[in-house]
Novice: 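Quick one: the structure is below, questions incoming.
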Amino acid sequence: MLLSDYAKFRSQFYSKKALNHLSNRFPTSKLFLTHSATGALEMIAQTIGIQPGDEIILPSFTFVSTVNAFVSFGAVPVFVDIDPVSKCIDVEQVSRIITPKTKIIIAVHYGGIPANLLSLKGLCKKHALYLIEDAAMGYGSFYGDQPLGSIGDAGIISFDITKQVTAIQGGLCIINNTELFEKANQVYHIGTNREEHINGNVPYYEWVNKGSKFQMSELNAAVLVEQLTNEEQIFQHRKGLSLHYYTTLKPLADAGLCKLIPEWFISNSVHLFYVETSDLSERNELMTFLMKKNIESCFHYIPLHSSKFGKEIGKTSGEMSVTDHTANTLLRLPFHNLLNEESVQRVTNAIKEFYNGRK
Ligand SMILES: *Cc1c(COP(=O)(O)O)cnc(C)c1O
């Protein structure tokens, strides 16, 4: 099968097909399929031209890729606390720590729940900063009627195996600011003007800038096309699972025993489902309780401001109390495309049993 598709791979049949599909969702953006969302972030850092000493403001509560891409070019990360409900960057705090060195603000849409983009956009406009959206977990989610990733100057989405829609490994770089289009093209094409050559504007292509091979492999693109074709079923399936989790666990939340993801969000493209316990020891007990029943749950994340390298090179603004509390109490429940309703029932039964035993 693989060799018979050689001609298709060679002509990037699958990448073109995937891009064609994605351009319906992002009609005015310039889109680049990448080998990962991590790669897409690196591409953005290089396109913006991050210089040593530039400051970037981002939530401490995120995955390492968000920060690494920029730090690799010498940026100094400034970690900010999150909002207790959305788990996204606390805009109030951001407004207080912008300095002349600040170059970008990164909004991470935790679990696909949108950050307060309207306020962040206003701040960026006022201080001439770039707004970058880490929508790695946000494919299929919206802010108002705009898809996540399409609102900032640039955004990224992950098509990793752990995300809603997958290429097994892959990502999408979304450039919305037209002033960045040409440079992004060059960075993506290993520092050449190949794009212009493809479009017939120049007779040959040559080295014009810095860049790298960020491209998604055709094998991954073939998987992605199949997933994109079925994306509505995937979204519906996940919506069903999150509704099931939510309605079954709601009585526990109403009784004040635990907290759940925001109710308004469960009808979106949910990347994850979590409960929040009252403290760290309760979370550890719940995790152990579930593990004994062969149910795998996990926490998120070691906050960047308290991680080994983050302490060494980053700046932390303020108390970080919400981040610390969330990192100690949030527990992610099993949530993936192959999960079925019976499994959700088994997990929620176990959680109910845990809390009933503690009353
Ligand atoms: C998964 C994830 C990434 C990285 O995505 P990859 O495709 O694995 O590189 C970056 N940021 C966040 C918030 C993520 O959840």
Side-chain angles (χ1 to χ4, degrees), residues 15 18 22 31-46 56-72 75 77 79-80 82-83 86-89 104-115 117 120 131-141 143 148-149 151-152 154-174 188 212-217 219-221 223-224 227-228 238 261 265 268-274 298-305 307 309-310 323 326-327 330 332 335-337:
S15 289
L22 291 163
L31 303 176
F32 300 93
L33 287 176
T34 55
H35 53 69
S36 62
T38 305
L41 284 160
E42 284 165 10
M43 199 185 134
I44 291 172
Q46 202 160 14
I56 60 165
I57 297 177
L58 77 159
S60 173
F61 192 68
T62 185
F63 188 59
V64 288
S65 295
T66 315
V67 68
N68 242 331
F70 299 89
V71 165
S72 303
F79 303 119
V80 192
I82 48 171
D83 174 86
S86 70
K87 314 296 182 207
C88 296
I89 196 163
I104 63 173
I105 297 174
I106 309 177
V108 179
H109 304 303
Y110 182 71
I113 297 175
L117 290 169
L120 289 170
L131 177 61
I132 310 301
E133 292 180 73
D134 182 337
M137 307 185 199
Y139 184 68
S141 284
Y143 181 71
L148 296 187
I151 299 146
I156 60 106
I157 278 167
S158 172
F159 294 124
D160 191 66
I161 191 83
T162 57
K163 305 299 200 293
Q164 289 94 313
V165 166
T166 182
I168 299 177
Q169 192 185 305
L172 180 69
C173 182
I174 306 160
Y188 185 72
S212 188
K213 184 136 175 164
F214 291 108
Q215 196 180 310
M216 177 184 282
S217 98
L219 280 175
N220 294 104
V223 176
L224 182 61
Q227 286 266 303
L228 292 174
R238 295 181 80 100
I261 70 167
F265 185 66
N268 257 277
S269 165
V270 184
H271 168 64
L272 46 76
F273 196 96
Y274 60 78
C298 58
F299 63 87
H300 239 183
Y301 307 85
I302 306 287
L304 297 178
H305 78 275
S307 64
F309 198 50
T323 299
T326 304
L330 185 143
R332 296 181 57 178
F335 203 91
H336 52 82
N337 292 350

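Indexing begins at 1, ligand by ligand and atom by atom, following the structure's order.
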Novice: Out of curiosity, Ile89 CD1 to His109 NE2, how far, rounded to the nearest 0.5 Å?
Specialist: 11.0 Å
Novice: Nearest 0.5 Å, please: how far is SG in Cys173 from CD1 in Ile156?
Specialist: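 It comes to 8.5 Å.
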Novice: Roughly how far, to the nearest 0.5 Å, is the CZ atom of Phe159 from the CG atom of Asn220?
Specialist: 11.5 Å
Novice: CZ/Phe214 to OG1/Thr34 distance, rounded to the nearest 0.5 angstrom?
Specialist: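 Phe214 atom CZ to Thr34 atom OG1 measures 9.0 Å (nearest 0.5 Å).
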Novice: List the residues meeting ring-ring contact (aromatic ring centres under 6.0 Å, His included) with His35, not counting sequence neighbours, and say none if there are none.
Specialist: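 So His35 forms no ring-ring contact (aromatic ring centres under 6.0 Å, His included) with any residue.
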Novice: What does the 4.0 Å heavy-atom contact list look like for ligand 1?
Specialist: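 Only Ser36, Ala37, Thr38, Thr62, Phe63, Ser65, Thr66, Val108, Asp134, Ala136, Met137, Ser158, Asp160, Lys163, Gly170 have heavy atoms that fall under 4.0 Å of ligand 1, ordered by chain and number.
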Novice: Any chance you could measure Met137, atom CE, to Thr62, atom OG1, to the nearest 0.5 Å?
Specialist: 6.5 Å
